[in-house]
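A short write-up of the structure that comes next.
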Amino acid sequence: MQNSATPTHCPYCALQCGMNLTPAPDGTVEVSERADFPVNRGALCSKGRTAPAVLSSRVRLTSPLVRSGGTLVPAGWDEALDRIAEGLSRTRAEHGPDACGVFGGGGLTNEKAYTLGKFARVVLGTSQIDYNGRFCMSSAAAGGIKAFGLDRGLPFPLEDIPKSGCVILVGSNLAETMPPALRFFTELKENGGTLIVIDPRRTRTAEQADLHLMPRPGTDLALALGLLHLVVADGLVDEEYVRERTAGWEDARAAAMAHWPEYVERITGVPVPQLRDTVRMFCEPESAMVLTARGPEQQSKGTDTVGAWINLCLATGRAGRPYSGYGCLTGQGNGQGGREHGQKADQLPGYRKLDDPAARAHVAEVWGVDPDSLPGPGRSAYELLDALGTDIRSLLLMGSNPVVSAPRAAHIEERIKSLDFLAVCDVVLSETAALADVVLPVTQWAEETGTTTNLEGRVLLRRQAITPPVGIRSDLEVMHELADRLGVEKGFPTDPEEVFEELRRASAGGPADYSGITYRRLAEENGVFWPCPTPEKDAPAGDEDVHPGTPRLFLDRFAHPDGRARFVPVSHRAIAEEPDEEYPVLLTTGRVVAQYQSGAQTRRVDELNAAAPGPFVELHPRLAERLGAAEGDPVAVVSRRGRAVAPARITLGIRPDTVFMPFHWYGEGRANTLTNPALDPTSRMPEFKACAVRVEAVER
């Protein structure tokens, strides 16, 4: 393509950092600083700096692959697409449309996520679609909708964080998961604000904190309730705010009062003086925030846990006010937009509910179909994967690697192997793609144009910077070709801007209204915050009538019909699998700075592999002494679901009753072989963050 620099965005986490890409004479792509983008102001982590490495034909797929005699071999596009269409058609004919499953990813652009949801419901007629974003922030989304009537990761821009008086950061190690964001917290402290980090490990992020609480994994709900108890007992409730802007306080208050400080200390292991210090630091300044991430959310009670932290914000008048509020730090690159536009089991574009007749009618009109033809809500992500090979016989998978990333991963691998037919669209031959009957090589971030929505709710334009290799097609082209082969000749354009124009119409009037956003505006304005509706039809034309977008939500009213936020009464309950005599230790999982998610892309980058070459087991010296394990010795972590082996990493920065493993790797160190698929009853989030294990020394 052109040799000049193209302003675009990183393909990895939900910061969606701005960067410039320039094709080099040797065929590589150079990354340079893009200081004008306010989220990262030019700063990039090691993953962002090395992102072009995955564009190399040395590591990426360059030809369709089809299974022949048990082996994947190169094939032409027509043969590969025909095989997929035949496989899906055969399944529908023999078992019905719901025997066809579709599984998407939080890294897909808005255009792809929108089209994938439409493809599942219009072309296949299946209800069985979900995506790996279910494993990301679904509990925060459910909690936000209950409390505020609307879910957007952050209801304010990141630039508001340094202006707050105090931030409680719950279960986030952003110094490793999204390093450019750490500067907002550094600036917070420079401005006189305080940072409280809640994490069972002393992470790089916790080292920056003014106060670090180390609760037992799975007890964040009790911790939040204990803090609210102290707020009430110490007379720190903002009674006027509660009276004027909320509903349901009395029931939530009663639930919190059952969690007195000493009781909470016994549950969490956090000393009462630290609980009191937290309340003082949170309530003294005029403004304060609570930000959660996967720690409290990836639990079988994640929705209630988020609700408890929101209750703390509401009781102290810290929501819907400047530089205050509750927010969630979204993980995946398009985790926010990915669920807003239809690849989640229960949602239609614009964050509409699939079981809402008005929503069905609106979207069906845009799609040109009968509302009654749209299937109802389907299974959540883990439940869908668990049904593979039984109720679901064929699967179309885009941009996900559940063999590594799903809980109880070895079981999910067996379910995938039991399918009648599997088709995967991906950039690389992931561990899941290696099991497929057909693999399609598709374009990636720098080779295509499309939009994403970052953790702030800022819709962004990723621009194509280079021409994809010969033989590579986009996901939009794949769905167009498959729709045509399956009898739907219209409605699946391949041009991303044309898809976005349709997405605008489909989202119009919905909670996530993108109708006032255009590619031109995204290019000119460094992104636009949703909701951004189109001006009223009878309003006079002119630029002054263009909606500016909504950087800050809830300043005037919350999204419930009466404008009030809702307290949700919650009480502590145990994790699904408490330690016992056979499995006496708790396992918690997470990420490291040099790898990303299932590692399908980052494990193919030499620099990143050198920095993080493999899994490890982080454990306290007391536990290591009991095992007779020294630093670097192999240890086995065993749960009721499987066994993983990795070198010991001994540190005082973890609780003695807890071990930690990163989940980026396949093979004998696959952490998600161990994790518990117990589901939150509302969000259907699996309990990645806490399960019972035993740790054993390994003879080598």
Side-chain angles (χ1 to χ4, degrees), residues 13-16 38-39 133 136-174 177-178 180-185 187-188 193-199 205 220 224 282 285 287-298 302-303 305-332 335-337 339-340 351 453-458 511-512 527 529-531 549-555 558-559 565 568 683:
C13 83
L15 287 180
Q16 289 296 279
V39 169
C136 180
M137 55 179 293
S138 58
S139 293
I145 290 170
K146 284 184 177 184
F148 306 130
L150 182 69
D151 154 51
R152 195 181 82 185
L154 293 180
F156 40 72
L158 284 162
E159 65 189 33
D160 282 5
I161 290 173
K163 301 171 186 175
S164 187
C166 176
V167 175
I168 299 179
L169 189 61
V170 190
S172 170
N173 183 16
L174 55 80
T177 59
M178 45 181 66
L182 188 62
R183 68 174 177 81
F184 293 104
F185 298 87
E187 291 172 11
L188 166 78
T194 54
L195 174 63
I196 301 170
V197 171
I198 298 173
D199 198 302
T205 307
D220 307 273
F282 186 69
S287 58
M289 298 174 176
V290 172
L291 304 177
T292 67
R294 306 302 79 76
E297 297 164 17
Q298 286 181 327
T303 301
T305 302
V306 167
W309 288 106
I310 292 175
N311 287 349
L312 178 67
C313 291
L314 293 176
T316 54
R318 304 308 178 96
R321 284 179 168 172
Y323 315 126
S324 291
Y326 165 79
C328 164
L329 299 173
T330 310
Q332 294 190 81
Q336 182 72 49
R339 71 180 181 282
E340 292 167 3
Y351 224 142
T453 306
N454 81 342
L455 77 171
E456 307 165 295
R458 187 194 303 254
F529 291 85
W530 71 262
T550 314
R552 296 170 181 85
L553 298 170
F554 313 138
L555 294 180
F558 294 98
V568 178
S683 67

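Quick note: numbers below take in every heavy atom, side chains included, and nothing from hydrogens, waters or symmetry partners.
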Problem set entry | Residue pair Ser287, Ser324: steps toward the side chain to side chain donor-acceptor pair (under 3.5 Å) verdict | CA-CA 5 Å; Ser287 58; Ser324 291; 4.5 Å; no
Problem set entry | Derivation and outcome, side chain to side chain contact (heavy atoms under 4.5 Å, CB included), residues Phe529 and Leu553 | CA-CA 10 Å; Phe529 291 85; Leu553 298 170; over 6 Å; no
For this session: Verify side chain to side chain contact (heavy atoms under 4.5 Å, CB included) between Leu150 and Tyr351, making sure each step is shown before the conclusion.
Result: CA-CA 9 Å; Leu150 182 69; Tyr351 224 142; 5.5 Å; no
Problem set entry | Steps toward side chain to side chain contact (heavy atoms under 4.5 Å, CB included) verdict (Thr292, Glu297) | CA-CA 8 Å; Thr292 67; Glu297 297 164 17; 2.7 Å; yes
For this session: Verify side chain to side chain donor-acceptor pair (under 3.5 Å) between Arg318 and Tyr326, making sure each step is shown before the conclusion.
Result: CA-CA 8 Å; Arg318 304 308 178 96; Tyr326 165 79; over 6 Å; no
For this session: Would you sort out whether Phe184 and Val167 count as a side chain to side chain contact (heavy atoms under 4.5 Å, CB included), showing the intermediate values?
Result: CA-CA 11 Å; Phe184 293 104; Val167 175; over 6 Å; no
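A 4.5 Å side-chain heavy-atom check between Ile168 and Trp309 finds at least one atom pair inside the cut-off. Using a 4.5 Å cut-off on side-chain heavy atoms (C-beta onward), Thr205 and Asp199 make no contact. At least one side-chain heavy atom of Cys166 sits less than 4.5 Å from a side-chain heavy atom of Ile196. Between Cys136 and Arg294 there is a side-chain heavy-atom pair separated by less than 4.5 Å. A heavy-atom distance below 4.5 Å is not found between the side chains of Arg152 and Thr453. Side-chain contact between Leu455 and Leu15: present, with at least one pair of heavy atoms (C-beta onward) separated by less than 4.5 Å. Val197 is not listed as a side-chain neighbour of Phe185, based on a closest heavy-atom distance of 4.5 Å or more. Gln336 places a side-chain heavy atom less than 4.5 Å from the side chain of Trp530.
Closest heavy-atom contact between Leu158 and Pro162: O-CD, 3.6 Å. Smallest separation of non-hydrogen atoms from Ser164 and Ala288: OG-CA, 3.3 Å. Of all heavy-atom pairs spanning Leu314 and Ala319, the tightest one is CD2-CB, 3.8 Å. Taking both residues in full, the closest heavy atoms of Thr177 and Leu174 are given as OG1-CA, 3.2 Å, listed atom of the first, atom of the second, then distance. The minimum heavy-atom distance between Gly153 and Thr330, with the atom names listed, is CA-OG1, 4.1 Å. Of all the heavy atoms in Leu329 and Ser172, the pair that sits closest is CD1-OG, 3.6 Å.
Once rounded to the nearest 0.5 Å, the distance linking CZ of Arg552 with OH of Tyr323 reads 6.0 Å. A distance of 11.0 Å separates CD in Gln16 from CD in Gln332, rounded to the nearest 0.5 Å. Going from atom CD of Glu456 over to atom CD of Glu159 covers 7.5 Å, rounded to the nearest 0.5 Å.
The main-chain N or O of Val568 is found under 3.5 Å from a side-chain atom of Asn311 such that the two form a donor-acceptor pair. The closest donor-acceptor contact from the side chain of Ser139 to the backbone of Ser683 lies at 3.5 Å or more, if one exists at all.
Put simply, the residue from Asn454, Leu291, Asp160 that forms a side chain to side chain contact (heavy atoms under 4.5 Å, CB included) with Leu154 is Leu291.
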